[in-house]
Amino acid sequence: MADADVLIAGLFSAQRKDHAGLMDDLAAEITELGGRVVRRFVQRRGVSGGKKGRAPGGQANMDQPYSSRTLMSTGKVREIAQARTETRAVAVVFVNQLTVRQRTVLTEILGCPVLSRSDLRGHDQHAWRLERLTREH
């Protein structure tokens, strides 16, 4: 599966300024494993409401997922699903650590294996290729 098309995604707090670098690092890891990143999806979790920090749930929840089921918002997951269909990507890799439930739900919604960045790190890069990782999940 050399040059397998892969999507990458990440949910970041608006306070996190290095999100682009983290996405670049993930893309580089995937390239090393034989994949090709065809699209990137970033969702920023910022201060909600018009009160700039005084709205309930705003700044206090910036490091929390939008959804316990899918990590990201429904709209962002739909966007990723559409891109997965258009590109025929073989997997979606998240910068974020996913729960078993999130991985299961996202795999069902997106129609392909869904991995966390930590799944890539857990394997010797010389012995494992992206093909094997996607088959395992």
Side-chain angles (χ1 to χ4, degrees):
M1 188 182 304
D3 298 321
D5 290 342
V6 177
L7 305 177
I8 62 173
L11 172 67
F12 303 97
S13 162
Q15 295 174 338
R16 183 134 202 182
K17 303 300 181 200
D18 62 343
H19 72 279
L22 292 172
M23 295 292 281
D24 289 343
D25 291 347
L26 177 57
E29 284 183 54
I30 289 168
T31 300
E32 287 178 26
L33 290 169
R36 179 177 48 240
V37 175
V38 292
R39 295 215 191 143
R40 299 173 181 219
F41 296 89
V42 171
Q43 185 153 37
R44 302 295 304 268
R45 178 109 194 214
V47 177
S48 64
K51 298 180 184 175
K52 296 287 180 193
R54 293 185 294 275
Q59 192 157 0
N61 290 328
M62 284 196 350
D63 289 323
Q64 300 300 312
Y66 273 99
S67 165
S68 61
R69 290 182 66 239
T70 61
L71 184 70
M72 294 182 158
S73 68
T74 303
K76 187 59 73 175
V77 171
R78 272 194 221 119
E79 201 177 313
I80 296 169
Q82 181 178 354
R84 218 271 320 148
T85 300
E86 291 170 2
T87 63
R88 297 183 183 183
V90 298
V92 179
V93 182
F94 280 78
V95 170
N96 312 84
Q97 185 64 38
L98 299 172
T99 66
V100 172
R101 181 178 185 209
Q102 288 167 340
R103 184 188 311 267
T104 301
V105 170
L106 286 166
T107 295
E108 184 177 312
I109 292 170
L110 300 176
C112 68
V114 174
L115 308 169
S116 292
R117 182 177 189 177
S118 61
D119 295 322
L120 302 179
R121 292 181 185 152
H123 300 283
D124 177 352
Q125 291 189 3
H126 297 291
W128 292 89
R129 304 299 295 162
L130 186 61
E131 177 179 0
R132 293 183 78 177
L133 287 169
T134 57
R135 263 194 277 143
E136 286 178 359
H137 294 280

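The closest donor-acceptor contact from the side chain of Q43 to the backbone of S73 lies under 3.5 Å. The main-chain N or O of T99 is found under 3.5 Å from a side-chain atom of Q102 such that the two form a donor-acceptor pair. Although no hydrogens or angles enter the test, the distance criterion places no donor-acceptor pair under 3.5 Å between the side chain of T107 and the main chain of P113.
The shortest distance between side-chain heavy atoms of F94 and R117 does not fall below 4.5 Å. Annotation: side chain of C112 is in contact with side chain of V92 (closest heavy-atom distance under 4.5 Å). Two residues are said to be in side-chain contact when any heavy atoms from C-beta on lie closer than 4.5 Å; R103 and L115 meet this criterion. Side-chain contact check for F41 versus I8: every heavy-atom pair is 4.5 Å or farther apart. Side-chain contact between L7 and V93 is absent, with no heavy-atom pair separated by less than 4.5 Å. Proximity of V38 to V6: side-chain heavy atoms (C-beta onward) are nowhere separated by under 4.5 Å.
Pairing each heavy atom of L11 with each of M72, the nearest pair is N-CE, 3.7 Å. The two residues N96 and A9 have their closest heavy-atom pair at OD1-O, 4.3 Å.
The pair D5-R84 does not count as a salt bridge, with every side-chain nitrogen at least 4.0 angstrom from each carboxylate oxygen.
Residues forming a salt bridge (Lys or Arg N to Asp or Glu O under 4.0 Å) with E86 (at least two apart in sequence, or on another chain): R39. Q97 is linked by a side-chain hydrogen bond (donor to acceptor under 3.5 Å, both in side chains) to S118, counting only residues two or more places apart in sequence or in another chain.
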After noting the C-alpha distance and the side-chain angles of F12 and V95, does the key distance pass the side-chain contact (heavy atoms from CB on, under 4.5 Å) rule? CA-CA 9 Å; F12 303 97; V95 170; 4.2 Å; yes
Indicate every side-chain donor-acceptor pair of residues 19-28 with a distance under 3.5 Å to a residue at least two apart or in another chain.
| from | atom 1 | to | atom 2 | distance (Å) |
| --- | --- | --- | --- | --- |
| H19 | ND1 | R44 | NH1 | 3.2 |
| D24 | OD1 | R40 | NH1 | 2.6 |
| D24 | OD1 | R40 | NH2 | 3.3 |

